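To keep things clear, I will list the structure first and then write my remarks on it.
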Amino acid sequence: MKRLALIHVLALVLMLPCVAAAQQPPTFGQGPGYHDPRSPFKPLEERSDIVSWKLLSQVSVRAEKKKLIPSFPADVQSLDKRVVKIQGFMMPLEPGDKQRHFLLSSVPTSCSFCVPAGPEGLVEVRTKQPVRYTLEPVVVEGQLAVLTDDPYGLYYRVVDGTNVQ
């Protein structure tokens, strides 16, 4: 069931460029997402103790054998397997108000059925203890994996996370 929810969210992520194609050509690795100025939530503030979304979004993508392969700058690759703090907005992948598996987004969702950012603006998170779902930003700390060939198209994953708000 959990894997099915993740598949649905990731399918939406992959469909997003197709939906936007009528308005503009799809772009990848072009930033952490769009913060709607009408949103009731403030944009995330840059903090020196937290990995920046500006840094994480510096990924570039190349097409290779019908796949999109991410390429990360050295500053991002150096974070692989290190314990980091990341701040973002929760996108639940499980039912209920407490989450152990969710996505963190660089921008708040403005629609229940929309993914607010591309893969460079999302981090899959798995925590040791459940984290209460909130619309406000959360900070999680855990081991970051920089993903070069994720079957779901994700670029980042935090494991063994804890909520450190």
Side-chain angles (χ1 to χ4, degrees), residues 1-17 19-20 27-59 70 72 75-76 79-147 150 152-165:
M1 183 67 175
K2 293 176 187 177
R3 183 129 358 258
L4 187 59
L6 178 61
I7 290 169
H8 284 123
V9 169
L10 294 174
L12 288 172
V13 168
L14 296 175
M15 287 175 32
L16 192 59
V19 173
T27 57
F28 297 95
Q30 298 298 315
Y34 174 73
H35 187 96
D36 190 331
R38 298 169 295 178
S39 173
F41 303 101
K42 295 178 186 175
L44 297 173
E45 293 182 19
E46 291 289 322
R47 289 176 36 183
S48 61
D49 63 328
I50 293 179
V51 173
S52 165
W53 285 104
K54 288 179 183 176
L55 174 63
L56 293 178
S57 67
Q58 291 179 9
V59 61
F72 303 96
D75 287 349
V76 173
L79 297 174
D80 190 39
K81 297 184 176 84
R82 289 189 42 205
V83 174
V84 299
K85 290 181 186 176
I86 299 180
Q87 174 182 229
F89 297 92
M90 289 180 78
M91 295 180 61
L93 295 174
E94 301 174 330
D97 67 338
K98 292 188 177 179
Q99 303 287 309
R100 288 180 145 210
H101 185 210
F102 54 92
L103 295 177
L104 265 189
S105 171
S106 58
V107 293
T109 58
S110 58
C111 162
S112 299
F113 305 102
C114 302
V115 178
E120 68 275 8
L122 298 171
V123 174
E124 180 185 12
V125 177
R126 291 191 178 269
T127 60
K128 297 175 190 176
Q129 299 297 319
V131 178
R132 183 172 299 278
Y133 174 70
T134 177
L135 295 172
E136 298 297 323
V138 297
V139 176
V140 294
E141 181 175 30
Q143 184 178 16
L144 180 69
V146 177
L147 309 171
D150 184 70
Y152 299 111
L154 292 170
Y155 296 162
Y156 305 107
R157 179 174 297 123
V158 168
V159 294
D160 294 328
T162 56
N163 184 11
V164 294
Q165 202 69 342

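Being a predicted model, the structure only gives us computed values, none of them experimental.
With Val123 as reference, Val158 is the one residue of Leu154, Val51, Val158 to meet the side-chain contact (heavy atoms from CB on, under 4.5 Å) rule.
Remark: the backbone N or O of Gln87 is paired with a side-chain donor or acceptor of Trp53 at under 3.5 angstrom. Arg100 contributes no side-chain N or O that, together with a main-chain N or O of Val131, makes up a donor-acceptor pair within less than 3.5 Å.
Here the OG1-CD distance, from Thr127 to Gln99, works out to 8.5 Å after rounding to the nearest 0.5 Å. Here NE2 of His101 is found 3.5 Å from CD of Glu124. Values are rounded to the nearest 0.5 Å. In this structure, CG on Leu56 lies 7.0 Å from CG on Leu144, to the nearest 0.5 angstrom. Note that OG of Ser106 and CD1 of Ile86 are 11.0 Å apart. Values are rounded to the nearest 0.5 Å. Once rounded to the nearest 0.5 Å, the distance linking CG of Leu79 with CG of Leu55 reads 6.0 Å.
With sequence neighbours excluded, the residues forming a salt bridge (Lys or Arg N to Asp or Glu O under 4.0 Å) with Asp97 are Arg132, listed by chain and number. A search for side chain to side chain contact (heavy atoms under 4.5 Å, CB included) contacts involving Asp80 returns Ala145, Val146, not counting sequence neighbours. Partners of Glu46 by side chain to side chain contact (heavy atoms under 4.5 Å, CB included), not counting sequence neighbours, listed by chain and number: Ser52, Lys54. Remark: Val140 engages Phe102, Leu104, Val125 in a side chain to side chain contact (heavy atoms under 4.5 Å, CB included) (not counting sequence neighbours). Arg82 pairs by the salt bridge (Lys or Arg N to Asp or Glu O under 4.0 Å) definition with nothing, not counting sequence neighbours. For the side chain to side chain contact (heavy atoms under 4.5 Å, CB included) test, residues two or more places apart in sequence or in another chain that qualify with Val164 are Lys85, Val139, Glu141, Thr162.
Side-chain contact between Leu122 and Tyr155: absent, with no pair of heavy atoms (C-beta onward) separated by less than 4.5 Å.
Shortest non-hydrogen contact noted between Glu136 and Thr134 is N-OG1, 3.0 Å. The shortest non-hydrogen separation linking Ser105 to Ala117 is OG-CB, 4.5 Å. Between Phe89 and Leu135 the shortest heavy-atom distance is CD2-O, 3.5 Å.
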